[in-house]
Engineer: 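Attaching a single structure in structure tokens format; questions to follow.
By convention in this document, chain letters (A, B, ...) are assigned in the order of the sequence lines, proteins followed by strands, and residues within each chain are numbered from 1. Only this structure's heavy atoms are used, side chains among them; waters, hydrogens and symmetry mates stay out.
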Amino acid sequence: MELDSDDEPIAKRNGKLPISIKDMPMGELSDDDDEPLGTKIAQKKVAIEKAAAKTAKAARASDAKAKKATSKKVVKDESDDEPLSKPKKRQSNGVASSAKKTNGVKKDESDSDAPIAKTKKGATKGKVAPAKKSAVKFEKESSKDGGDEDEENEEYRWWDMPKKEDDSIKWTTLEHNGVIFPPDYEPLPKHIKLYYDGKPVDLHVEAEEVATFFGSMLHSTQNVENLTFQKNFFNDFKEVLDKTGGARDKDGKEVDIKEFEKLDFTKIFEYYKALSEAKKARPAAEKKAEKAERDKIDAPYLYCKWDGRKEKIGNPRVEPPGLFRGRGEHPKTGKVKKRVMPEQITINIGKDAKVPNPPQGHKWKAVVHENSATWLAMWQENVNGQYKYIMLAANSAVKGQADYKKFEKARELKKHIDRIRADYAKELKSESMADRQRATAMYLIDKFALRAGNEKDTDNEAETVGCCSLKYEHVTLQEPQTVIFDFLGKDSIRFYNEFVVERQVFKNLKMFKKPPKENGDDIFDRLNVSFSKQNLKTVGLTNMLQTSHLNKHLSSYMPGLTAKVFRTYNASFTMSRLLQELKIDQKSTIAEKIKLYNDCNREVAVLCNHKRTVGASHEAQMEKLENRIKGLKYQRWRTKMMMLDVDPKLKKKKGAEYFQLDNDLDEDWIKEHQTFLVDEQRSKIQKKFEKDNEKSKEEKKGKELPASELKERMKSVSELEAKFKKENKTKKVEAEGKGPTVERFEAAVEKINERIRNLELQSADREGNKEVALGTSKIVSGPKNYARTCSNQVSELHRSSLDRCFCPQGQRPD
DNA sequence: TTCGGCACTTAGGACTATCATG
DNA sequence: CATGATAGTCCTAAGTGCCGAA
């Protein structure tokens with residue numbers, strides 16, 4: 001392998017801690033083949049390394065040998081350390097098909113009001129009836145004989161496949177069964193109504209449905225109390241009312257609905273709440289059966305056949321109608337998102353594949369065979385005109401490959417980063433204002449992981465910004481070189497940071513903020529080199545540094561380099577560095593290791609400004625945790641005292657210190673805690689009794705347990721109470737249990753210690769995490785370990801390297 | 001040379017299954 | 001064995017960036 005370690009982007013070399021695939025020398029593999037993750041990656045990577053063809057060939061050969069030696073037939077491949085299976089038959093992917101780009105689907109005009117008469121009942125069953133014969137079948141019917149999974153179900157190891165020259169063509173054959181439509185609206189029962197001005201009103205179903213959109217989300221104060229949300233909803237609601245004949249009172253007289261404040265959805269809300277609670281309360285078996293039923297109906301839509309392979313579809317469902325939940329101050333939040341009709345949906349499918357049937361009485365908008373695209377179905381949503389796609393799942397080959405490419409690109413950036421940095425450092429002082437702005441923007445993107453910041457439509461979107469769209473008021477300067485950023489970024493997440501920057505950057509920003517600029521003006525306002533004053537006049541001051549220009553400049557350093565690559569690069573680089581800096585104590589517990597890992601993860605999340613809103617429950621939870629720790633400490637102390645009870649001489653032996661009460665446990669707290677323990681026991685007994693009682697009633701038809709029984713059982717509670725009382729007085733604790741020995745108590749103390757340690761760790765971890773969104777999507781794509789964490793910016797490789805050094809026996813923390 | 005159409009990634013939050021734990 | 005916390009999944013909004021037409 002032509003490892004040129006110095007060029008390695010993300011990872012730094014370190015024999016102990018191979019951060020990237022390429023970092024792992026081949027030699028390392030052989031002698032440690034029960035290493036769960038890293039090994040496999042390395043092998044895989046070796047197999048696909050395109051460059052040195054012969055080296056790669058050699059590697060593949062040895063790889064094949066390894067395969068012969070160790071395995072015969074791979075069945076399910078759960079074990080990660082198993083050798084590579086040979087690439088399967090290559091689909092010839094040549095495909096001349098220089099298919100033109102257009103798919104003939106033009107902007108969706110107003111045919112959202114498609115003329116399909118959508119009746120209440122008729123259409124209901126109209127779900128695409130999976131055409132009996134020709135629909136794609138994914139069940140393993142062919143594998144009667146072998147016993148194990150048939151060929152098709154074998155994992156497709158795209159990472160073992162030769163690299164494709166042309167990746168603009170995404171598939172040759174594509175079969176699927178279309179999409180899953182949401183269930184039709186089920187009208188409310190007659191007695192559940194919307195109220196207006198205190199009186200129930202009747203609505204046309206269509207209007208009623210819209211009312212339920214709002215009514216069913218009353219719990220979500222976030223939305224429901226938002227004035228824009230209310231206004232938008234109300235406008236759309238009134239529109240439907242107008243269209244459908246308005247609202248009527250019980251005598252059939254029209255009620256003019258004029259004020260949102262007079263609408264009362266609580267009856268609707270309570271109805272749905274009761275419904276879902278009833279659903280939840282049903283016996284498990286029933287729930288299971290229903291789920292199985294649903295799954296069965298969904299099954300044909302969950303997978304497709306992509307170049308002959310079975311691939312999982314990401315979200316095969318058409319989005320259900322509802323209210324648009326735009327984030328932040330989105331001007332359109334609360335508007336009605338209409339039901340998507342088949343007439344709006346374009347299907348993308350192989351030329352020779354059977355086109356899935358649209359629901360009874362409906363038609364697709366179009367059927368195309370766009371093999372340069374990865375989507376299976378597409379429509380435009382009515383609120384913002386956004387395109388919605390049905391695509392493959394993240395663990396599919398196409399997505400995996402794309403993901404892989406992303407990290408390769410970030411890796412590639414390492415080779416150029418020094419030059420790029422040197423250049424923009426120089427250009428910070430450029431004569432040309434445009435260059436200076438560009439260089440400053442690059443500095444911010446590189447240093448602080450800002451997003452590019454494309455232009456936005458200010459009227460129809462929330463006002464959020466990225467680097468290039470930073471406005472005057474988002475940047476505050478503090479001499480001599482501190483910059484305070486305060487703006488809303490993607491998803492209206494606040495970015496607030498005070499950074500000390502290079503003096504030149506500070507000077508530049510100061511210059512970019514010079515009058516006559518004021519609030520609302522772009523910081524980076526120069527889009528091009530040749531800008532004379534009059535040009536500026538004629539074009540206006542609105543020209544900003546556009547991301548496309550920035551990207552064009554970047555691509556001159558390296559093909560495909562764009563602003564977003566810096567985020568991936570810096571996040572990965574940081575993760576890599578942090579993991580290497582970790583001081584791993586061999587004796588650390590799993591919990592401690594997890595904590596360390598989370599610390600790294602957290603730091604990267606901070607870099608990327610991945611935040612979450614800290615819930616109100618957080619505080620309460622922290623307190624609870626704290627109390628549990630205290631409770632354990634108390635228990636530990638009591639156990640120690642019992643030791644003393646068995647052998648008073650211990651006090652000398654172990655020292656008085658050992659038996660000291662922890663100083664965060666004061667007398668009041670202990671009293672409180674004791675009451676708590678007593679209460680707890682009481683309610684436990686009560687509960688148990690009630691349950692036994694039920695049982696008795698059932699078994700011995702109606703025979704209740706006598707109250708005396710309960711009294712009897714409750715005795716232990718008062719005993720406990722008495723015991724505590726006595727302990728409080730004597731400051732001694734009687735040894736509990738049969739055959740109390742010092743050893744036994746010592747063991748108990750040790751156990752408690754362990755638990756305390758864990759909880760304390762947890763507590764610290766959680767506190768640190770409260771605002772930070774750690775990678776939620778641990779998507780496993782492609783090679784099992786080539787997943788992502790830390791919100792798609794950091795390769796899973798880091799995780800595996802972590803596991804490698806953390807978990808010798810493959811006992812992964814998660 | 002810009003602009004909008006389009007395709008795809010990134011992201012937070014809601015929802016749900018699972019796990020720990022008392 | 002219930003119950004609450006946590007992890008994992010689903011959902012879809014909100015970004016980025018490319019490309020071709022005007």
Engineer: Just the rounded figure in Å: distance from C1' of C:dC18 to CD of A:Glu455.
Structural biologist: 16 Å
Engineer: For A:Val383, is there any backbone N or O sitting under 3.5 Å from a side-chain donor or acceptor partner on A:Lys337?
Structural biologist: no
Engineer: Would one find a side-chain N or O of A:Arg325 under 4.0 angstrom from OP1 or OP2 of B:dA14?
Structural biologist: no
Engineer: When the nearest nucleotide of DNA chain B is assigned to A:Leu632 and to A:Ser220 on a heavy-atom basis, which residue is associated with the more 5' position?
Structural biologist: A:Ser220
Engineer: Ignoring backbone atoms, establish whether A:Lys456 has a side-chain N or O less than 4.0 Å from OP1 or OP2 of C:dA14.
Structural biologist: no
Engineer: Under 4.0 Å, heavy atoms only, any strand: does A:Lys287 hit a base, just the sugar-phosphate, or nothing?
Structural biologist: nothing
Engineer: Does the A:Glu293 side chain pair with the main chain of A:Ala289, one donor and one acceptor, at a distance under 3.5 Å?
Structural biologist: no
Engineer: Under a 4.0 Å heavy-atom cut-off, which of residues 313-322 of chain A touch DNA chain C?
Structural biologist: A:Asn315, A:Arg317, A:Glu319, A:Pro320
Engineer: Think A:Lys406 has a side-chain N or O under 4.0 angstrom from the OP1 or OP2 of B:dT10?
Structural biologist: yes
Engineer: Considering just the side-chain nitrogens and oxygens of A:Arg451, establish if one lies under 4.0 Å of OP1 or OP2 belonging to C:dA14.
Structural biologist: no
Engineer: Using only atom types and a distance under 3.5 Å, with no angle test, would you say the side chain of A:Asn226 pairs donor to acceptor with the backbone of A:Thr228?
Structural biologist: yes
Engineer: In whole angstrom, give the distance that lies between atom CH2 of A:Trp379 and atom P of C:dC11.
Structural biologist: 11 Å
Engineer: Check every strand shown and say whether A:Thr374 touches a base, only sugar-phosphate, or nothing at a heavy-atom separation below 4.0 Å.
Structural biologist: sugar-phosphate
Engineer: Between A:Phe324 and A:His330, is the ring pair (Phe, Tyr, Trp, His ring centres under 6.0 Å) condition met? List the steps.
Structural biologist: CA-CA 10 Å; A:Phe324 172 68; A:His330 194 119; 5.0 Å; yes
Engineer: Describe the nucleic acid contact of A:Gly489 in one word from base, sugar-phosphate, nothing, applying a heavy-atom distance below 4.0 Å.
Structural biologist: sugar-phosphate
Engineer: Let me know the distance between CG of A:Asn627 and P of C:dA5, rounded to the nearest Å.
Structural biologist: 13 Å
Engineer: Please round to the nearest 0.5 Å and tell me the distance separating atom CD1 of A:Ile313 and atom CG of A:Asp298.
Structural biologist: 11.0 Å
Engineer: Does A:Asn395 offer a backbone N or O that forms a donor-acceptor pair with the side chain of A:Lys312 under 3.5 Å?
Structural biologist: no
Engineer: Out of B:dC8, B:dT9, B:dA11, which nucleotide sits closest to the side chain of A:Ala402?
Structural biologist: B:dT9
Engineer: Looking only at side-chain atoms of A:Lys388, point me to the closest of C:dA13, B:dA11, B:dA7.
Structural biologist: C:dA13
Engineer: Which is true for A:Lys337 with a 4.0 Å heavy-atom rule: it touches a base, it touches only sugar-phosphate, or it touches nothing?
Structural biologist: sugar-phosphate
Engineer: Taking DNA chain B as the partner, which of residues 559-567 of chain A come within under 4.0 angstrom of it by heavy atom?
Structural biologist: A:Lys564, A:Arg567
Engineer: Tell me: CG of A:Asp295 to P of B:dT16, nearest whole Å?
Structural biologist: 13 Å
Engineer: Expected output is a numbered-order residue list: members of residues 550-557 of chain A with a heavy atom under 4.0 Å from any atom of DNA chain C. What is it?
Structural biologist: A:Asn551
Engineer: Can you list every side-chain hydrogen bond (donor to acceptor under 3.5 Å, both in side chains) pair that touches residues 212-222 of chain A, not counting sequence neighbours?
Structural biologist: A:Ser220-A:Asn223
Engineer: Which nucleotide in the list C:dG15, C:dT16, B:dA7 gets nearest to the side chain of A:Thr464?
Structural biologist: C:dG15
Engineer: Check whether any side-chain nitrogen or oxygen of A:His610 sits under 4.0 Å from OP1 or OP2 of B:dA11, and answer yes or no.
Structural biologist: yes
Engineer: What residues form a side-chain contact (heavy atoms from CB on, under 4.5 Å) with A:Val224, not counting sequence neighbours?
Structural biologist: A:Phe214, A:Met217, A:Leu218
Engineer: In this structure, how many angstroms lie between the C1' atom of C:dC10 and the NZ atom of A:Lys291, rounded?
Structural biologist: 12 Å
Engineer: Does this structure show an ion pair linking A:Glu408 with A:Arg411, if we count only N-O contacts that are shorter than 4.0 Å?
Structural biologist: yes
Engineer: For A:Arg638, check side chain to side chain donor-acceptor pair (under 3.5 Å) against everything at least two apart and list the hits.
Structural biologist: A:Glu727, A:Glu736
Engineer: Would a distance-only check, ignoring hydrogens and angles, find a side-chain to backbone donor-acceptor pair under 3.5 Å from A:Asn232 to A:Pro331?
Structural biologist: yes
Engineer: To the nearest angstrom, how far is A:Leu677 atom CG from B:dG22 atom P?
Structural biologist: 12 Å
Engineer: Has A:Glu672 got a side-chain atom pairing as donor or acceptor with A:Thr675's backbone, closer than 3.5 angstrom?
Structural biologist: no
Engineer: Tell me the interatomic distance from A:Phe407, atom CZ, to B:dT10, atom P, rounded to whole angstroms.
Structural biologist: 7 Å
Engineer: Whole Å only: how far is the NZ atom of A:Lys490 from the P atom of C:dA13?
Structural biologist: 13 Å
Engineer: Under 4.0 Å between a side-chain nitrogen and a carboxylate oxygen: does that hold for A:Lys291 and A:Asp295?
Structural biologist: yes
Engineer: Counting side-chain heavy atoms from CB outward, which of C:dG15, B:dA7, C:dA14 is closest to A:Gln386?
Structural biologist: C:dA14
Engineer: Of A:Asn609 and A:Tyr389, whose closest DNA chain B nucleotide lies nearer the 5' terminus?
Structural biologist: A:Tyr389
